[in-house]
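Heads up, the thing below is written out as structure tokens.
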Amino acid sequence: MNGVGPTLAFYALAGVTLIAGGGVMASRNLLHAVLFLILSFVGIAGFFALLSAEFIAMAQVIIYVGAISVLVLFAVLLTPRAGRNNGETKMLAPAVLLAISLAAVFIFVITDTDWPTVATSPSLTASDLGEALLTTWVLPFELASVLLTAALVGAIMLVRTVEEEAEDALA
Amino acid sequence: MSVGIEEFLTVGALLFCLGLGVALSKRNAIGVLMGVELMLNAVNLTLITFSRFSVSDRPITGQTFVVFVITVAAAEAAVALALAVSVYRNRDTVDVDRINLLKS
Amino acid sequence: MELTVLVFLPAVAAVAVLLLPQRYEGYAKYVALAAAVAMLAISLQMFFAFDNDKDGFQFVVRRDWVDVGAFNLQYFMGLDGLSMPLVVLTTFLTVASVLVSFSITMRPRAYFAALLVLSSSVLGVFAALDFLLFFLFWELELFPMFLLIAVWGSGRKEYSATKFVLFTLAGSAFMLVGILVLAFGANTFDIEVLGRSSFEDTILPVRWAFLFLFIGFAVKLPIVPLHTWLPDAHSDAPTAVSVMLAGVLLKMGGYGIIRMCVTILPGAADDYGIWFAAIGAVSVLYGAFVTLRQTDLKRLVAYSSVSHMGVVLLGIGALGTTSLVGATYQMLAHGLITGLMFVMVGLLYERTHTREIALLGGLARQMPLIITGLVFAGLGSLGLPALAGFIAEITVFLGAFQKFEWAVLMAIFGVVLSAGYILWMLQRVAFGPVRHEWDGLADQQHWWEHSVVAGLAGLVILLGVYPAIVMDKIGPAIDHIVLRIGS
Amino acid sequence: MNSIDIAGPQIAVLLAAGLVLLIDSLAPQQRRLLPYVALLGLAASAAWTTSWVSRDDYQVAFDGTLSLDKYAVFFYYLFAGITATIVLASIDWVNREGRGQGEYYALVLTAAAGLMFLAASRDLITIFLSLELSSIPQYILAGWGKDEKSSEAGLKYLLLGAIASALLLYGMALLYGVTGTTLLTEIAQQIQASGDAHRSVLVLAMVLLIAGFGFKMAVVPFQMWVPDVYQGAPTPVAAFLSVGSKAAAFAVVTRIFFEGLGADFLSSDWSNLFAALAAVSMTLGNVMAVVQTDIKRMLGYSSIAQAGNFMVGLAAISVAGDQFTLGASGILLFLAAYAFTNLGAFVAVIAISQKIGSDQIRDYAGMWKRSPFLAVALAFCLVSLTGIPPTAGFWAKLYIFNAGIRADLAWLVIVGVLNSVISAYYYLGVARQMFLGDPAGEEPVRTSPSIGLSLGVATLGVFVFGILPMPLISAAQDAVEIFAPLAH
Amino acid sequence: MPLLVAAASGPTIAEGVLWAILLCPLAAWALIVLFVRKVPALAGYLTVLAIGASCVLSFIVLFNVIDADGHIATHTHEWFTAGPLTVNLGVRVDGLTAIMLVVVSTVSLLVQVYSNGYMAGDPGYSRYFAHMALFTSAMIGLVLADNLFMLFIFWELVGLSSYLLIGFWYHKPSAAAAAKKAFIVTRIGDLGLLAAILLIYTRGGTFQIDEIHELAISGALSSSVITWFALGVFAGAAGKSAQFPLHVWLPDAMEGPTPVSALIHAATMVAAGVYLVARFFPVFETSADARHVVAWIGASTALIAATIALVQTDLKRVLAYSTISQLGYMMLALGAFGYVAAIFHLFTHAFFKALLFLGSGSVNHSTNTFDMRRMGGLKEHMPITFWTFVIGSLSLAGIFPLAGFWSKDEILLDAWRDNRAIWFIAASVAFMTAFYMFRAIFLTFFGTYKGGEPVDHHDEDSHFHGDPAHPHESPWVMTLPLVILAVPAIAAGWFNINGSFGDFISGALPHGAEEGSRFEWGIAISSMALVLGGIFVAWAIYYREWVSSRSLRNGFGPLTALFENKYYLDRIYEDFFVTRIFQQGWNRLVEANDRFVVDGAVNGGARAARELSARLRVIQNGQLQGYGLGFAAGVIVLVITVFAVNPL
């Protein structure tokens with residue numbers, strides 16, 4: 001991917017995403033952590049755009065930045081202030097250590113490999129995506145729907161309180 | 001002046017490990033969940049990178065994959081939060097280092 | 001066909017016993033006795049129908065059972081001169097152990113069922129000609145033994161039962177590996193075929209396979225230092241189980257070594273013969289030394305078993321026809337003599353409720369018959385001529401002396417030591433001034449007690465004065481095996 | 001349409017799930033019918049499966065993402081059976097819990113469908129989706145109980161599962177990146193074509209896959225959740241996890257590694273990896289089980305050890321020639337035998353724990369006097385887990401160790417047999433308690449018909465296949481015929 | 001059945017007769033054990049009858065063999081085979097056998113008759129006779145056996161019946177202990193015999209006695225093998241014949257009933273060792289080393305036993321030690337080429353020593369004790385016993401012309417010819433023998449009666465009836481055997497005056513024994529002088545009491561102590577060796593090793609497993625992160641391992 005623009009964009013996005021991720025790691029308050037998370041989601045969306053997957057970028061913004069983050073926010077707000085502490089466990093040090101060494105392994109592998117790459121970006125449109133979803137991957141597509149339903153049902157059951165169940169029993 | 005596949009993959013890898021670090025170090029269950037979300041996003045980034053760069057007679061595959069990952073991530077998040085809530089009801093906390101009734 | 005009947009008759013009888021209604025449970029012993037006697041009859045009929053001059057196996061039954069490309073298990077059983085006497089020994093001791101259990105009142109149905117299943121599995125081991133089938137029976141014997149020791153035993157019964165099971169399992173774990181390696185080499189578990197095929201080091205050196213098999217059997221035999229389960233199991237098991245344990249279960253080990261290790265891998269057996277001889281001789285002396293320190297009657301007999309089975313291993317190690325015949329004969333002799341020994345000890349224990357030698361003494365006055373039996377058994381076990389043990393031991397010595405003078409010279413010291421511990425035991429238990437706390441105890445009285453003692457003693461004498469009756473059967477079978485070693 | 005036909009068994013199950021929900025919400029007074037509806041759906045799925053076996057046309061559908069072959073069929077039957085047993089065993093518990101019965105059975109069925117898809121899919125995306133389809137309901141079910149232990153188990157299971165699937169995804173992504181496709185067959189072709197040019201990334205992907213699935217297989221070092229979740233989750237659910245998801249994970253791993261990563265330069269690597277993991281898993285699992293006092297936890301550790309045994313089959317890949325699939329068939333045989341055995345054990349535990357209200361092994365004392373049937377059945381299943389004849393477990397172990405020997409893995413087999421001695425030690429402990437201990441109470445422990453039925457079936461299976469293992473073995477061998485062409 | 005008959009000149013006696021001699025007493029034993037246990041009287045008569053029968057048959061055999069002037073006949077049958085090993089059962093009859101048969105059956109018969117009276121009223125009456133019958137047949141079998149294997153069998157059976165009879169009054173701890181001691185000590189000797197059997201079979205491939213002779217003479221076997229074989233055989237013989245250092249069991253064996261001591265521990269069984277060595281005399285002839293060992297062991301045994309006998313106060317012990325020393329005499333003779341002399345002495349000794357024992361029994365029967373210090377003056381009360389006892393003592397001492405004189409004289413002669421040192425020992429032993437025997441006589445029968453041992457009526461095991469305070473002569477069943485035995489005690493020596501006995505038994509050897517004058521005045525006179533001297537000293541001290549015995553023993557201070565403590569051998573053996581070194585030392589060590597090391601390893605292993613398990617649980621700390629770290633670590637480790645094991 002040549003040209004100054006994309007390159008600068010890449011580094012900018014990389015900076016944003018990673019720093020935001022670092023923010024998630026660093027922030028002691030859960031709310032701040034959520035905000036950083038959202039920021040890094042946005043960064044990822046930018047990457048998607050940069051990689052000419054506009055539809056995915058949009059979906060990313062909608063679903064992650066929209067849905068999931070809000071969900072997390074709700075969860076955070078549901079739990080009282082005491083529950084919003086985002087401190088680390090005793091295992092911070094080993095966790096960081098392992099994460100770094102894993103990163104080392106990954107990066108070694110990434111740089112070690114000479115990836116079979118195409119010169120020009122394949123032109124992929126949303127319709128291609130939709131077509132793929134409805135032909136080859138129709139089965140996963142259906143499964144995803146079932147999955148969401150099941151998750152929905154389950155989640156509802158899990159959060160229902162005893163008295164709700166009681167009145168449900170009357171019905 | 002150019003960036004190639006390696007750079008993108010590197011960013012993905014770093015983000016992934018960052019997410020892992022978060023997931024493994026945060027005390028709050030929701031914090032852990034956020035870490036997981038970061039990891040998934042890193043995976044998505046990697047997938048898109050591949051679908052952009054790598055040689056394939058079906059480049060769209062990567063994007064499709066990402067769609068599903070996002071869906072699953074949403075579902076997982078929902079269930080996770082539900083569980084977190086029910087744990088909170090039982091234990092008045094979502095600190096994973098206090099959620100250790102079951103051990104040894 | 002009759003072989004199948006013989007092997008599974010006890011199992012069927014066991015089911016029948018279990019199905020007895022609660023209020024008839026008193027009859028369990030009679031059902032068991034009937035079954036045992038029937039077995040004895042069948043086996044004796046086979047024994048006399050057995051053709052000594054025909055080589056190869058007789059009474060063969062063979063069906064396919066599990067056949068998959070990689071391995072196939074057949075239901076393949078038969079007897080030769082090596083296993084025939086052991087089968088008769090088993091049935092005979094089954095009758096004996098049923099009889100000595102006649103006074104059992106606790107859960108009689110389960111007890112006799114377990115006893116019968118035990119004898120069924122042991123018969124299976126002696127009869128099986130498919131190594132995997134052999135292994136199945138070998139493992140099957142664990143269930144009844146565990147229950148018999150753990151439920152009807154005494155003392156640290158659970159510990160002993162567990163120890164027994166774990167030792168055997170550990171041994172058979174190695175055995176299984178050995179079996180698989182052999183089967184890999186020959187693509188069959190058929191012992192006849194295995195016995196004919198030759199193995200080279202493929203995935204494991206053949207000698208390893210040999211050692212694995214040997215470990216499996218050595219635990220049962222048992223050899224020093226794998227013997228410590230034996231005293232515990234013996235001292236905590238009920239009398240009948242001690243009889244079966246000493247009488248036939250230990251023989252499974254010796255039989256396995258001859259039938260599997262030596263027959264299938266004669267080359268390795270030849271290499272390791274010297275070690276067998278050494279271990280055997282050491283076991284003889286070690287067992288005797290430890291026996292001399294025992295204060296519990298049953299432990300004493302148990303350790304003496306270790307000493308006697310050492311002779312078996314010594315005989316096997318020499319790998320000559322004479323020594324191997326002697327080893328087999330020693331198994332029979334030890335089975336009968338030690339069986340009788342345990343019966344007498346059991347009768348004493350039933351009455352005095354102690355096995356502490358220090359507490360006994362002067363009993364010859366109060367229970368002359370029991371003591372006579374005890375003295376007889378003792379004389380048998382110290383290898384008195386005209387009794388079975390002597391023929392066996394001296395045959396082994398004569399057979400092994402040429403090859404391993406040193407080992408035999410070590411082992412014959414066991415002769416003096418055994419005289420030492422037996423006679424000392426008799427002196428402390430039977431002789432000396434009368435102890436009045438034992439006054440008024442019944443002597444051996446019931447018909448079943450008499451018949452067990454008489455039967456065992458009679459066989460001990462018979463084998464002592466007319467060895468040919470079994471040696472003519474064992475000899476050809478062993479010749480068959482030894483020929484293979486030569487080639 | 002044809003494709004739908006091929007997804008038939010799963011669809012039947014899913015329809016049943018929907019039906020269950022429907023009845024639950026529309027006709028709440030008919031709730032007691034729910035389990036039977038569920039069973040009906042499973043029966044239908046089994047029937048559908050049978051219809052192919054009779055039609056005997058095997059093919060792929062959905063552009064090759066889902067395949068219909070004997071391998072899949074084997075697992076369809078297996079999962080149908082497992083799920084049916086679980087449903088039967090759950091009835092009492094669900095009735096007592098009284099919470100969302102419809103949802104419970106619906107989730108169980110959904111998870112079952114996911115497992116079935118997992119066994120049949122040949123495309124990374126489909127595999128991932130099926131995996132999640134089976135996992136997420138299981139996460140929920142694990143947290144189904146009202147007590148804190150259950151919800152803790154659920155949360156732990158989910159968070160760790162999420163991390164695991166993230167690793168798995170990254171591995172899949174790399175695989176896709178280097179081969180440009182997600183279909184196992186094409187992946188295999190690409191790898192063959194490019195040779196070991198991309199070995200490093202392939203190895204990394206391989207390891208990540210092992211990590212992702214190892215979580216489900218309960219393989220060291222991805223096994224730590226197992227005891228906690230088994231202990232905390234409702235017992236029927238724990239049973240489902242211990243048998244269902246483990247089986248599915250092994251099914252898919254076998255398929256991926258044989259069909260996708262079967263190239264020599266890779267298989268040599270991963271077979272060694274699996275050998276090492278097998279040794280570690282069985283040893284660690286057994287050793288740690290020794291001192292357990294909670295029977296569910298003990299079974300958890302034992303299932304880790306059993307995973308080690310299964311993996312001997314994966315490690316035995318390097319058998320050449322006509323016995324190339326020996327290890328694979330060993331895994332299938334072992335999975336089937338293990339399904340019967342472990343289900344039997346768990347159902348017995350369900351029955352006993354429900355009555356005595358404790359999972360402590362010491363509270364099982366004297367169970368023989370209180371309920372001979374339960375005691376004998378449980379003991380028998382434990383014997384089968386140890387691998388002593390005459391049980392299905394013995395044949396499974398014998399078969400798979402035989403495969404190991406033929407794959408020149410004698411050392412691994414020795415480790416295995418020694419481990420079964422250790423396992424005998426703690427299984428024996430339970431048997432000792434039940435047969436020799438003095439009962440705490442005298443009142444007999446009764447079993448409900450449903451439990452009795454499921455337990456009876458499981459134990460009978462263990463026994464019958466212990467005497468006549470032939471049908472099971474040949475079924476397993478047919479199933480893995482599909483891998484035979486890959487022999488090298 | 002393979003039947004091999006030796007030289008045509010051999011005895012023509014039917015084989016059945018030979019077996020019958022063996023089987024009669026055996027049948028009696030079986031009958032008593034199985035049926036007539038309950039009717040004691042019958043048991044006694046049955047035994048006498050059976051042994052009488054074999055006695056008659058033995059004489060028939062003897063005369064038949066005499067006709068064949070002592071040549072050999074063997075009848076052998078295969079018993080069992082195990083591969084190359086073939087074991088035979090067979091009988092062999094020749095001069096030696098015939099003589100032994102006669103000795104055994106005759107003495108046994110008389111002893112049984114005597115026992116009918118002596119054991120009357122004992123609770124174990126029939127058991128006693130059963131054992132006696134068993135012993136007799138075993139002894140006969142031992143004599144008849146034509147191969148070493150069979151011989152060994154009866155050898156052990158003889159030991160068994162000896163064990164049972166010594167321990168006959170098993171309620172007496174001393175008796176039980178003595179029985180055990182006798183069996184074990186003899187068994188130590190038997191080890192040698194067993195080893196010899198193994199050796200000769202392995203090297204020579206046979207058990208047949210005559211074939212072994214052949215092997216020895218023809219030199220087919222290396223001299224070392226022959227020597228080891230001979231030593232092994234002699235070890236066995238030393239055990240049974242109570243040769244130093246294995247003699248310690250015989251004195252204790254006196255715990256048994258006196259007739260038993262007379263038959264087994266004086267006349268027959270203890271002579272079996274001598275018989276065995278004689279049987280294999282050709283072997284010893286070919287191996288000088290073995291022969292010297294025999295000679296010297298015999299000599300030292302004779303000397304040691306005689307010295308101990310000097311100081312015994314128990315009449316039976318005196319006889320016991322004198323038996324030992326006489327056996328040593330016989331061995332000494334064999335060691336000095338004195339085949340004929342040894343057997344001849346065995347022959348005579350059997351009679352007069354049996355006579356002496358029965359006499360002592362008779363004394364005990366009326367005084368209820370064997371302690372000579374409680375006797376005295378019995379001459380008047382029991383004349384028959386007294387006179388027969390004197391005859392026996394004179395014969396033992398070797399006074400012309402009684403039996404003992406002739407046999408002992410030949411031994412001295414052979415010793416003189418072979419080795420002067422040994423002759424000197426033998427001569428001094430002859431002196432001591434005369435001394436202690438007459439010391440016994442004077443203490444027992446002369447002086448005033450000291451009251452015997454009062455009866456303890458609370459001891460239910462004592463069957464003593466009568467009143468020790470007023471001793472009386474024994475009933476005729478007991479005195480008759482004394483009188484009968486007195487005859488051979490006087491006359492048995494005359495058989496060999498013309499060497500006919502010697503020629504006869506030499507027929508048993510593949511080549512005759514060395515000939516030569518069987519009499520020499522010098523030896524005869526010197527020995528007579530020594531013997532008379534011994535008697536005189538005894539007379540002087542214990543009858544005239546010119547010198548008090550006390551002052552004498554004080555004079556010999558340490559020596560007496562040594563003798564009275566039997567050279568401290570028992571202490572060394574039992575207290576030091578068996579108890580200290582063996583039982584409390586080595587065995588305890590081995591047993592501790594068994595319990596703490598071998599079994600400890602097993603239990604330790606189990607404990608270690610539990611321990612490890614308990615430690616490993618800590619990993620499972622219930623902490624989500626901990627588990628997650630496991631994942632990450634796992635991935636890293638696996639990747640690195642793969643790359644390390646199998647680099648890119």
Side-chain angles (χ1 to χ4, degrees), chain B residues 5 9 12-13 16 19-20 23-24 29 32-33 35-40 42-51 53-59 61-62 64-69 71-73 75-80 82-91 94 96 99-104, chain D residues 123-126 128-129 131-133 135-137 139-140 142-163 165-183 186 190 225 227-233 288 291-292 294 297:
Chain B
I5 181 166
L9 291 180
F16 188 88
L20 187 66
L24 295 189
V32 177
L33 185 65
V36 174
E37 297 296 343
L38 278 180
M39 293 166 81
L40 293 175
V43 172
N44 288 348
L45 176 52
T46 318
L47 280 166
I48 296 294
T49 313
F50 282 134
S51 80
F53 285 102
S54 60
V55 184
S56 164
D57 45 12
R58 262 256 215 56
T61 313
T64 330
F65 211 148
V66 172
V67 172
F68 290 117
V69 174
T71 328
V72 170
E76 268 179 355
V79 176
L83 278 167
V85 170
S86 76
V87 168
Y88 184 81
R89 283 219 191 102
N90 282 322
R91 306 284 309 281
V94 285
V96 287
I99 309 178
N100 54 5
L101 289 177
L102 307 165
K103 63 170 146 192
S104 68
Chain D
D123 160 73
L124 293 181
I125 297 179
T126 324
F128 172 66
L129 259 294
L131 183 67
E132 291 300 329
L133 182 61
S135 309
I136 287 182
Y139 300 147
I140 301 168
W144 199 255
K146 293 206 204 70
D147 56 336
E148 62 256 22
K149 285 192 173 178
S150 173
S151 46
E152 171 179 342
L155 188 59
K156 270 185 185 172
Y157 189 23
L158 179 133
L159 291 176
L160 289 170
I163 297 176
S165 37
L167 292 170
L168 177 66
L169 275 173
Y170 198 84
M172 286 179 165
L174 292 178
L175 212 49
Y176 159 67
V178 77
T179 60
T181 173
T182 57
L183 286 177
E186 295 177 6
Q190 292 294 337
W225 59 278
D228 295 9
V229 174
Y230 282 16
Q231 186 186 353
M288 290 184 76
V291 285
Q292 295 305 325
D294 179 305
R297 211 173 164 77

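Labels below follow one simple rule: chain letters A, B, ... track the order of the sequence lines, proteins then strands, and each chain is numbered from 1. It should be emphasised that the depicted structure is a prediction, and the values quoted were computed from it without experimental measurement.
- The backbone N or O of F128(D) sits nowhere less than 3.5 Å from a side-chain atom of E132(D) that would complete a donor-acceptor pair.
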Task: Residue pair Q190(D), T179(D): steps toward the side chain to side chain donor-acceptor pair (under 3.5 Å) verdict - done: CA-CA 6 Å; Q190(D) 292 294 337; T179(D) 60; over 6 Å; no
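- Counting heavy-atom pairs closer than 4.5 Å to chain D, the top-ranked of the candidates A84(B), G62(B), A75(B) is G62(B).
- Neither the backbone nor the side chain of L133(D) has a heavy atom closer than 4.5 Å to any heavy atom of chain B.
- Interface remark: of the candidates L9(B), V79(B), V72(B), V72(B) forms the most heavy-atom pairs closer than 4.5 Å to chain D.
- For T49(B), no part sits under 4.5 Å from any heavy atom of chain D, backbone or side chain.
- The CG atom of L83(B) lies 6.0 Å from the CG atom of L155(D); values are rounded to the nearest 0.5 Å.
- In this structure, the portions of T61(B) lying under 4.5 Å from any heavy atom of chain D include both its backbone and its side chain.
- Only the side chain of L24(B) comes within contact range of chain D, with at least one heavy atom under 4.5 Å from a heavy atom of that chain.
- Side-chain N or O atoms of S56(B) include one that pairs as donor or acceptor with a backbone N or O of G180(D) at under 3.5 Å.
- When heavy atoms are compared at a cutoff of 4.5 Å, L129(D) approaches chain B solely by way of its side chain, counted from C-beta outward.
- No donor-acceptor distance shorter than 3.5 angstrom exists from the side chain of S150(D) to the backbone of D147(D), with no hydrogens or angles considered.
- For a residue to count as touching a neighbouring chain, one of its non-hydrogen atoms must lie under 4.5 Å from one of that chain's; by this rule A13(B) touches chain D with backbone and side chain alike.
- Atom CG of N44(B) sits about 10.0 Å away from atom CD of E37(B), to the nearest 0.5 Å.
- For F16(B) and Y170(D), the gap between ring centers is short of 6.0 Å.
- Only the side chain of L158(D) comes within less than 4.5 Å of a heavy atom of chain B; its backbone N, CA, C and O stay farther away.
- Only the side chain of V36(B) comes within contact range of chain D, judged by heavy atoms closer than 4.5 Å.
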